[in-house]
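Single-structure report; data block below.
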Amino acid sequence: MEKPASTTFRRNGLKVHQKRKTLGMHRSANFLKNNQNQENKALSWIQLIAFVLLDVITMGVAATIWFFAGIFLWFFSHIHDYLLVKLVGISYLYNVSWEDPRVDRTALDLSDDDHVITIASACDNVLDFMIDGARVTAVDLNNCQLALCELKRAAILELNFQDFFAIFAEQNIPLLKEKFETLKNHMTSDSINFWENSLKSGFKSFMYSGSSGWLAYALFRVLFPVIGFGWVRKSLLDGVDNELFHENFEKHKTTFEWVAWIADSVLVPICAPLAGVPAAQLDLGNDREGNVASIIHRVFGHTDLVNDNYFFTGYILGHYTKKCCPRYLKEEHYSTLKAAIKANKLELYHGTLANRFRLDARQEKPPVYTAAVMLDHLDWMDDYGVNEELSLLWPLLHNEKGRVLWRSFSHSPHRAALKWMKSIRVDNGTNDRTGMYWGVWYAKKSDCGNHPELTSEGLFWEEQEPQTFVEKLVTGATIVSFPIMNMIKKTVGDVSQRLPGATKEDLNENQHAQKIEAFYKSQARAYDAFRENFLHARKHFASCLPLSNNKIVWIDVGAGTARNLEFFPINTLKRRFEKIYILDISPSLLEIAQERVEKAGLSDLVELVLADFTDLSEVGMAALPKAHSADIITFSYSLSMIPDKDAALAQAMRLLKPDGAIGIADFFAEAEKMDDSKPISNVLSTVYDTGCRLWFKQDGVHLLPNDRFDVLAENGIEAVCSERFRGSVPLLPILRPWHGIWIGRKGGLIVNEQIQDKVYSDE
């Protein structure tokens with residue numbers, strides 16, 4: 001008899017679930033194991049052949065399904081965000097604000113003195129904040145979301161509570177059509193057109209409208225009954241006791257786990273655009289197993305779907321109930337909302353938060369916000385985008401009362417600007433009724449030791465002429481041919497030019513200094529233009545650096561032409577830095593740096609230093625800034641070219657202040673971690689990465705291995721930011737080495753937990 005897929009038995013009084021360990025040919029293997037002494041050999045062989053054929057057919061069918069599913073998912077991953085963008089402007093994505101405002105209110109403790117800026121979404125949380133007295137500026141890039149907000153605002157102004165509840169809770173669309181002529185008086189022309197077209201085209205329900213609503217209908221009204229979860233809706237319709245509901249869930253837990261596994265593997269990547277979830281946000285959960293299973297356990301096993309969790313109850317039933325609905329649909333809050341709307345405490349803005357902040361800054365008297373509720377949209381953005389938004393917000397945020405709150409699919413702050421904010425995690429997913437976030441983060445402006453600053457993404461202070469193809473070819477050929485030409489000509493660089501730092505005698509005996517100068521002397525003028533499309537990580541490097549509230553000292557090691565300065569506006573450099581050291585071993589590159597610094601009027605702030613950073617002798621150290629003087633020390637694509645990397649890192653630790661940070665943007669030898677579930681891909685990647693290492697090695701560039709920073713960790717400098725990605729090489733598209741950013745500081749990331757243990761309430 002064939003063994004089941006899994007067995008449950010008791011061991012020492014405990015129930016143990018044992019999964020089958022054999023895969024693929026398990027029927028044949030089990031038959032042989034259980035029928036070793038079978039007397040009827042002929043029958044045994046016939047049975048064995050039958051089992052083998054069945055196993056082969058099953059494996060073939062499964063492999064075929066997963067093969068085509070894999071192709072589909074690969075293709076879909078490349079159009080995922082395109083579909084999401086296309087939905088914007090056609091309809092609203094969110095018919096319900098899918099962030100729990102109760103968690104936000106508990107953390108923010110809003111009052112009449114607050115001015116909140118947030119994303120409009122479906123306006124549910126906006127209205128919730130207004131109940132507590134806050135004035136709200138709600139921003140959204142999707143005009144259709146604002147149309148939904150305007151409709152709710154107009155309805156609060158014109159309707160009594162019974163009609164308002166009937167329309168937005170009980171989904172009485174005929175009543176909406178009847179009242180719409182009155183509501184139009186408080187709406188913009190774009191919103192009027194949107195709702196006139198929607199109502200004419202058969203709009204039937206708020207709960208199942210918008211892309212999220214369409215997905216909810218397919219999941220809870222179509223799929224759930226098919227897979228045996230019809231009892232969920234029936235239980236809610238019958239108004240069963242919450243305890244009984246949780247007991248029923250425990251009975252069906254195994255089935256839920258199977259569905260969760262399928263959803264994680266196939267459904268989530270496909271359905272995410274409809275739910276308004278971009279690929280970048282999904283990727284934040286790739287280091288966890290069973291994300292959907294965790295959400296299901298949180299929601300169905302621990303929240304009160306009967307009386308409290310309106311997010312899921314509304315989707316499952318198709319409407320809200322008076323017991324289970326958002327706060328703005330509670331009768332006791334309606335008069336407060338009506339008064340707030342009449343007092344113009346709600347402003348709607350079409351655009352991005354960054355655009356709104358820029359508009360605010362241009363006003364003669366800019367507004368002052370006391371709270372910025374960012375929802376989960378920071379998950380969508382890269383380091384530059386997050387830093388840009390926070391940098392624009394910071395001057396508008398109240399110095400004492402200002403606070404920022406965001407939620408994330410990641411279990412820790414996932415972008416550099418967020419990591420430096422000394423935030424508190426006020427929820428880890430246990431209290432948020434949506435169950436879909438692994439962290440809600442709160443930071444006070446007055447507590448933040450760092451001040452985000454606007455950087456420019458790859459822009460020069462002055463427009464540069466791009467290299468022509470021929471110029472790129474010549475520069476590339478010079479770089480590639482240097483090792484061969486150097487062996488033939490035995491080129492020696494002249495490092496006799498006098499700059500602050502080392503002396504002529506110090507460096508003329510330094511073989512590495514001579515080699516570097518010989519390498520760069522012929523290409524110094526073309527250095528920046530050629531490498532602008534080559535050194536990919538440094539474009540975001542500046543936005544990842546921690547800038548404290550006080551003026552800071554920055555040492556940029558191997559800084560060459562001082563190109564990294566141009567990632568900051570000139571006035572930012574003057575305002576935020578006390579001293580900047582541009583250190584290099586090549587006089588030719590420092591000549592370009594000197595021209596750049598003088599032209600920008602930064603000679604009093606920036607000091608050029610010609611020195612070997614790895615020289616730990618008294619003479620070598622005397623050529624450098626004083627010990628423990630630097631707030632930030634950076635290596636931007638220089639550490640991989642320094643022969644003695646241990647000495648360079650030791651020097652950096654000597655110069656660093658006790659609370660300083662070391663940052664590296666560079667080439668890396670390998671991925672940050674391998675996916676154990678993809679052994680073939682891992683082998684191929686290892687071979688490819690070896691080829692990349694050998695190619696770069698000929699030019700004296702030694703790609704950094706993952707253990708390169710262990711020496712820093714041993715000295716208490718822990719990683720705060722670590723990112724890795726592949727990037728192209730000019731003229732050699734077959735080469736895509738790993739690029740990355742690594743930033744660490746003494747004590748690492750400062751994170752506090754302040755999870756609320758109390759029972760949450762809307763009272």
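The residues of the chain are indexed from 1 along the displayed sequence. Reckoned from all heavy atoms, side chains included, excluding hydrogens, waters and symmetry mates.
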Side-chain heavy-atom pair Leu397, Phe357 within 4.5 angstrom cut-off: no
Leu359 vs Tyr349, side chain to side chain contact (heavy atoms under 4.5 Å, CB included): CA-CA, chis, key distance, verdict: CA-CA 11 Å; Leu359 178 65; Tyr349 174 79; 3.8 Å; yes
Mutual orientation of the aromatic rings belonging to Phe168 and Phe164 [parallel < 30°, tilted 30-60°, perpendicular > 60°]: tilted
Gln145 side chain vs Ala120 backbone, donor-acceptor pair below 3.5 Å: no
Rounded to the nearest 0.5 angstrom, the CG-CE distance for Leu390 and Met374 is 5.5 Å
Does the side chain of Asp132 reach to within under 4.5 Å of the side chain of Arg327, using non-hydrogen atoms? yes
Distance-only side-chain donor-acceptor flag, Thr434 / Asp100, under 3.5 Å: no
Steps toward side-chain hydrogen bond (donor to acceptor under 3.5 Å, both in side chains) verdict (Ser446, Glu400): CA-CA 6 Å; Ser446 58; Glu400 298 301 324; 4.7 Å; no
Got a second to check how far Lys342's NZ is from Arg153's CZ, nearest 0.5 Å? 14.5 Å
So do Asp104 and Leu405 actually touch side chain to side chain, heavy atoms under 4.5 Å? yes
Determine the minimum heavy-atom distance between Ser408 and Leu284, stating which atoms define it. OG-CD1, 4.1 Å
Going by the angle between their ring planes, with limits at 30° and 60°, are Tyr315 and Trp98 parallel, tilted or perpendicular? parallel
Counting only N and O atoms by type, is there a donor-acceptor contact under 3.5 Å from the side chain of Lys551 to the main-chain atoms of Lys574? yes
Mutual orientation of the aromatic rings belonging to Tyr92 and Phe194 [parallel < 30°, tilted 30-60°, perpendicular > 60°]: tilted
Tell me yes or no: between the side chains of Thr352 and Asn355, is some donor less than 3.5 Å from an acceptor? yes
Is there side-chain contact between Gln162 and Glu331, with at least one heavy-atom pair below 4.5 Å? yes
If the threshold is 4.0 Å, N to carboxylate O, is there a salt bridge linking Asp109 and Arg105? no
Is a side-chain N or O of His414 found less than 3.5 angstrom from the main chain of Leu378, in a donor-acceptor match? yes
For the pair Asp383 (side chain) and His540 (backbone), establish whether a donor and an acceptor sit closer than 3.5 Å, ignoring hydrogens and angles. no
Check: Lys445 side chain, Trp394 main-chain N or O, donor-acceptor pair, under 3.5 Å: yes
So CG of Asp447 and CD1 of Ile424: to nearest 0.5 Å the spacing works out to 7.0 Å
Heavy-atom side-chain contact between Thr118 and Asn125 under 4.5 Å: no
Could you check if a side-chain atom of Phe180 sits within less than 4.5 angstrom of a side-chain atom of Trp195, using non-hydrogen atoms only? yes
Do Asn142 and Tyr94 have side-chain N/O donor and acceptor atoms under 3.5 Å apart? no
Under a plain distance cut-off of 3.5 Å, with no hydrogens placed, do Gln281 and Asp379 share a side-chain donor-acceptor pair? yes
Can you tell me if Asp376 and Tyr437 form a side-chain donor-acceptor pair at under 3.5 Å? yes
Have a look at Leu337 and tell me which of Ile156, Leu157, Leu329 forms a side-chain contact (heavy atoms from CB on, under 4.5 Å) with it. Ile156
Output yes when a side-chain donor or acceptor of Asn309 lies under 3.5 Å from a complementary backbone atom of Arg433, and no otherwise. yes
Side chains of Thr137 and His115 only: does a donor on one sit below 3.5 Å from an acceptor on the other? yes
For the residue pair Arg407 and Asp427, establish whether any side-chain heavy-atom pair is separated by less than 4.5 Å. no
Considering all heavy atoms of both residues, which atom of Ile341 and which atom of Leu127 are nearest to each other, and what is their separation? CD1-CD2, 4.5 Å
Heavy atoms of Ala280 and Trp380 approach each other most closely as CB-O, 4.0 Å
Would you call Lys323 and Asp308 a salt bridge, using N to O less than 4.0 angstrom? no
Could you tell me whether a side-chain N or O of Tyr369 sits under 3.5 Å from a main-chain N or O of Leu393, the two making a donor and an acceptor? no
For Thr430 and Asn428, which I'm curious about, is there any donor-acceptor pair between the side chains at under 3.5 Å? yes
Minimal heavy-atom distance between Ile743 and Pro546, with the atoms involved, is CG2-CD, 4.5 Å
As an exercise, state the distance from OG of Ser198 to NZ of Lys204, rounded to the nearest 0.5 Å. 14.0 Å
Under 3.5 Å, is there a donor-acceptor pair between the Thr370 and Asp114 side chains? yes
From CZ (Phe220) to CZ (Phe312), nearest 0.5 Å: 5.5 Å
For Arg415, is there an ion pair with Glu389 - N to carboxylate O distance below 4.0 angstrom? no
For the residue pair Trp438 and Phe409, is the inter-centroid distance of their aromatic rings smaller than 6.0 Å? yes
Taking Trp420's backbone N and O only, do any of them form a donor-acceptor pair with Asn450's side chain (distance below 3.5 Å, no angle check)? yes
Minimum side-chain heavy-atom gap Trp554-Thr634 below 4.5 Å: yes
Between Glu158 and Thr182, a side-chain donor and acceptor under 3.5 Å: no
Using only heavy-atom distances, determine whether the side chains of Thr188 and Asp190 contain a donor-acceptor pair under 3.5 Å. no
Within the 3.5 Å criterion, strictly below it, is a donor on Asp304 or Asn307 matched to an acceptor on the partner's side chain? yes
Is a side-chain donor or acceptor of Asp124 paired with a backbone partner of Ser97 at a separation under 3.5 angstrom? yes
Less than 4.0 angstrom from a charged side-chain N to a carboxylate O is my criterion; do Glu150 and Lys184 meet it? no
Polar side-chain atom of Lys444 near backbone of Lys401 as donor-acceptor pair, under 3.5 Å: no
Is Lys177 atom NZ crowded by more than 12 heavy atoms from other residues, nucleotides or ligands, each under 6.0 Å away? yes
